[in-house]
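Values reported hereafter were calculated over all heavy atoms of this structure, with side chains retained and with hydrogens, waters and symmetry mates removed. So you know, we letter chains A, B, ... as the sequences are listed, proteins then strands, and number each from 1. Here the structure is a predicted model, which is why all the values come from computation and not from measurement.
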4 protein chains.
Amino acid sequence: MIDATAELIAGGGADDATIMEITATAGLATGTFYNHFKDRAEIIAETAINIMEQISASINSAGLAEEDIVVRLAAGTRRFLDITYDHPTWAWAVLRAIDYLPSLRPRVYQYIGSTVRIGHEIGEFSDEDDFTLHIISSMLFAAARSRLSGQSGPETGARVAEMQLRVLGVDPARAHEAANRPVADVELAWNATPAVKGARLQEEDGRK
Amino acid sequence: MIDATAELIAGGGADDATIMEITATAGLATGTFYNHFKDRAEIIAETAINIMEQISASINSAGLAEEDIVVRLAAGTRRFLDITYDHPTWAWAVLRAIDYLPSLRPRVYQYIGSTVRIGHEIGEFSDEDDFTLHIISSMLFAAARSRLSGQSGPETGARVAEMQLRVLGVDPARAHEAANRPVADVELAWNATPAVKGARLQEEDGRK
Amino acid sequence: MIDATAELIAGGGADDATIMEITATAGLATGTFYNHFKDRAEIIAETAINIMEQISASINSAGLAEEDIVVRLAAGTRRFLDITYDHPTWAWAVLRAIDYLPSLRPRVYQYIGSTVRIGHEIGEFSDEDDFTLHIISSMLFAAARSRLSGQSGPETGARVAEMQLRVLGVDPARAHEAANRPVADVELAWNATPAVKGARLQEEDGRK
Amino acid sequence: MIDATAELIAGGGADDATIMEITATAGLATGTFYNHFKDRAEIIAETAINIMEQISASINSAGLAEEDIVVRLAAGTRRFLDITYDHPTWAWAVLRAIDYLPSLRPRVYQYIGSTVRIGHEIGEFSDEDDFTLHIISSMLFAAARSRLSGQSGPETGARVAEMQLRVLGVDPARAHEAANRPVADVELAWNATPAVKGARLQEEDGRK
DNA sequence: AATGAATGAGAGTTCATTCAT
DNA sequence: CATGAATGAACTCTCATTCAT
């Protein structure tokens, strides 16, 4: 059902991910939904978070640990955009789930946060507060949206990575170099089984 | 009805801006809606665009013409955030309308574009392409969201302005100085009468 | 407005002949309708009757007076079908108006009655009661419907005329000959001005 | 719900067979309708066809097989009119459903077709093409309407049967004799369970 | 766990009709 | 006579949710 939900959200926004549609797409009866999820918000949140989890794991599994933190951030950003482009369904599902459930934003943005935090500790990045993280993440998702909708091309990853580094106070020349260094491809190993269960949501969303 | 719509969207997202609610809030009968708008998407789009039009007009009316373009961009950003904070209803209405109608994004982002374009012509900004504009605008709206939801404080305007300038290739020191220069307050003169009529929407939104 | 109504009914049935559609098609404001008609049933009835009036007048104006009554009936039927085919809009309008307003049936069927009555007085037709008239007329309209929807061809007029004559007890051979005698074309002179005003309807229709 | 629909259509035309009325009459909630039918047109079509199916079965079950085909047609027509008169609700439902959904006409008319076709094969009837069938059926339904609305009496069946035979080229004397021969009563065994499911409709009806 | 008919609130939409201008 | 915004009842349709099987 998570897969069905992702497909539906990707196709036409979270409004289309009706409980009836989800179950129908998953080949189940309507009532079965309630044996697994509390309501629509829950499955939508879970879907988005699962996807992000897998993307994040894929990126991190690609052995970036040893690298310079500046290069690491850029590589993460670029891989994120590559994966996003290779799996538009999941990427759109996340983007649209965020639009639908505002409270998902911090949950989804956090995956990008750790690298920045490390970079700041090392002294490479000028900031690491929540606001900076929020802006950096917004840039990443804005870039993904642009790429997915065909408004920007394969250079998107390098460009936004460079911009992020500039925002983080990295010297422009170094930012440019780091953002354009070749990056190895990453494969996204999709794991159909939900990794996260019972995603908690803020009350204020007010959706049904 | 535009005002009613703005209030409702601000309150709980575009999903709450039901035609029945809109007309009830405006003190009209349900059917009256259709004497003025085709459907919900139309009034939501019109509402968002009207608000942006007024904010934009207010910012530009504040005599920024004579200034250095770098200062001008920073001042525009900061004034946008000030207005946004002073009129949370309208600001939220725009933010949530965008979440609801993806096709609104380019329409709403364009208001920020002109300054960047001028700056690039003068040679102060490194880029002015659509992608850069998209990122710069995303940062602005992400900052507004952060400020409105109380996650960041009065310094938000200056901080995001500085970040934008860095992204645009302005020297960090100059960026810092320009972003922190005092800015005169602007008053938003709200004009109840819609300035834009029959806002056109992309087909693909697929909302009702 | 009568013309507009005819068009709309012909296009999609009387349900589509909304007061708003009628006035819009006629280039008038909605409210203007009520300066001319009491309600929808009235204009629909008037439309159908006007059309029948004109068709009937055209047929009769074609100098059938002198002929043999058997030939006259056949010629009337064939001319009716010719006119019907040449002016599908008006023909469909009548057919669909009947479907919509059952009480219109006797009003519309009466136009065919006079010839049969005369024929019976002369002694050529076996019956002339209301039931026979009803059946004869039904056959005519069924044939018109068949011809208009393309289910039967140019021979329709002669065939149904022959059938009608048989029903009326005319000798089969004579019926065949009379029904297949050449008929002069008739031109339908359309008269935009309504010939009938304030068509009265049975109460039982129960439409709005 | 089929029964409720028949009642409502019979009472005031298909326009009165509102989904709300149908479900209310059937003692169900409005939404339940959509668990069984796609829309109004579907249930109306299904209702009409079910009724015709049962009438047709009743007529044919009455052991007409052995008879002379001329007598058989006449008996079928007369039994149809008898049943029609004994069950005005179902008869009106069919008549009015046809008025509402034009595309139903061929579906409903076909039930009368088989006898005519057989008669033609044997050489008793002059024609058996679609047009003839259409006219013969129209006569039957026109007679039913006349009888149901009280404009003609118990002789209706015999009279229209005789007319049909004349149209089919049967010798007038023989037609008269066959049409007036005594006919055994038939009982209509109503079968509440729909015999037909998912009645397909032409697109062009344009009703909702 | 799975099912799927039943529910009923609520949304969108249409339209006849009124009425002040 | 013409206008057209306003009205509000009526209707179609969707969906989250329940529940007996």
Side-chain angles (χ1 to χ4, degrees), chain A residues 1 8 12 14-24 26-44 206-208, chain B residues 1 8 14-24 26-44 207-208, chain C residues 1 8 12 14-24 26-44 207-208, chain D residues 1 8 14-24 26-44 206-208:
Chain A
M1 292 182 49
L8 288 165
D15 277 341
D16 284 14
T18 292
I19 290 177
M20 295 176 92
E21 280 288 336
I22 291 170
T23 48
L28 296 170
T30 318
T32 308
F33 179 87
Y34 296 93
N35 292 330
H36 303 276
F37 301 96
K38 200 177 98 272
D39 55 17
R40 243 171 94 206
E42 186 173 290
I43 198 177
I44 289 174
R207 309 277 184 144
K208 306 166 209 158
Chain B
M1 290 182 55
L8 289 164
D15 277 342
D16 284 14
T18 291
I19 290 173
M20 295 176 88
E21 281 289 335
I22 291 171
T23 48
L28 295 171
T30 320
T32 307
F33 178 88
Y34 296 92
N35 290 334
H36 303 279
F37 302 96
K38 200 177 100 275
D39 55 17
R40 243 171 94 208
E42 185 174 293
I43 198 177
I44 288 174
R207 310 274 185 144
K208 305 168 211 154
Chain C
M1 290 182 52
L8 288 165
D15 277 341
D16 284 14
T18 293
I19 290 178
M20 294 177 93
E21 280 288 336
I22 292 170
T23 48
L28 294 171
T30 319
T32 310
F33 178 88
Y34 296 92
N35 293 332
H36 302 277
F37 302 95
K38 198 177 100 273
D39 54 19
R40 241 171 97 204
E42 186 173 290
I43 198 176
I44 289 174
R207 310 275 186 143
K208 304 166 212 157
Chain D
M1 291 184 53
L8 288 165
D15 278 341
D16 284 15
T18 290
I19 290 173
M20 293 177 89
E21 283 288 336
I22 291 171
T23 48
L28 295 170
T30 319
T32 308
F33 178 89
Y34 296 92
N35 290 334
H36 303 277
F37 302 95
K38 203 179 95 274
D39 55 17
R40 243 171 92 208
E42 186 173 291
I43 198 177
I44 288 174
R207 309 275 184 143
K208 303 168 208 154

Separation of F:dT17 atom C1' from D:Tyr34 atom OH, nearest Å, is 19 Å
Where D:Asp39 and D:Phe33 come nearest, the two heavy atoms and their spacing: O-CZ, 3.5 Å
Can you tell me how far CD1 of B:Ile44 sits from CG of B:Leu8, rounded to the nearest 0.5 angstrom? 9.5 Å
Between CD1 on residue A:Ile22 and OG1 on residue A:Thr30, distance to nearest 0.5 Å: 11.0 Å
Any N/O pairs under 3.5 Å between the protein and nucleotides 6-8 of chain E? List them or say none.
unit_1: E:dA6; atom_1: OP2; unit_2: D:His36; atom_2: NE2; d: 2.4
unit_1: E:dA6; atom_1: N7; unit_2: D:Asn35; atom_2: ND2; d: 2.9
unit_1: E:dT7; atom_1: OP2; unit_2: D:Ala29; atom_2: N; d: 2.9
unit_1: E:dT7; atom_1: OP2; unit_2: D:Thr32; atom_2: OG1; d: 3.1

Whole-Å gap separating P (F:dT18) and NZ (A:Lys38): 12 Å
Rounded to whole Å, please give me the gap between CZ in D:Phe37 and P in F:dT12. 14 Å
Do any side-chain nitrogens or oxygens of B:Arg40 fall under 4.0 Å of OP1 or OP2 in E:dA11? no
Interatomic distance, C:Asp39 CG vs E:dT18 P [rounded to whole Å]: 11 Å
Looking at OG1 of A:Thr23 and NE2 of A:His36, how far apart are the two atoms once the value is rounded to the nearest 0.5 Å? 11.0 Å
Atom CD1 of A:Ile43 and atom C1' of F:dA16: how far apart are they, to the nearest Å? 14 Å
Which nucleotides of DNA chain E pair, in dot-bracket form (Watson-Crick or G-U under 3.5 Å, | meaning another strand): .||||||||||||||||||||
Rounded to whole Å, the CG-P distance (D:Asp15 to E:dT14) equals 17 Å
Starting from C1' on E:dA16, measure out to CD on C:Glu42 and report it in whole angstrom. 14 Å
Side chain of A:Ile19, heavy atoms from C-beta onward: which of F:dT12, E:dA16, F:dA16 has the nearest atom to it? F:dA16
Interatomic distance, CG@D:Asp15 vs CZ@D:Arg40, rounded to 0.5 Å, equals 6.0 Å
With a 4.5 Å cut-off on side-chain heavy atoms, are A:Ile19 and A:Met1 touching? no
Can you tell me how far P of F:dA16 sits from CE of A:Met1, to the nearest Å? 11 Å
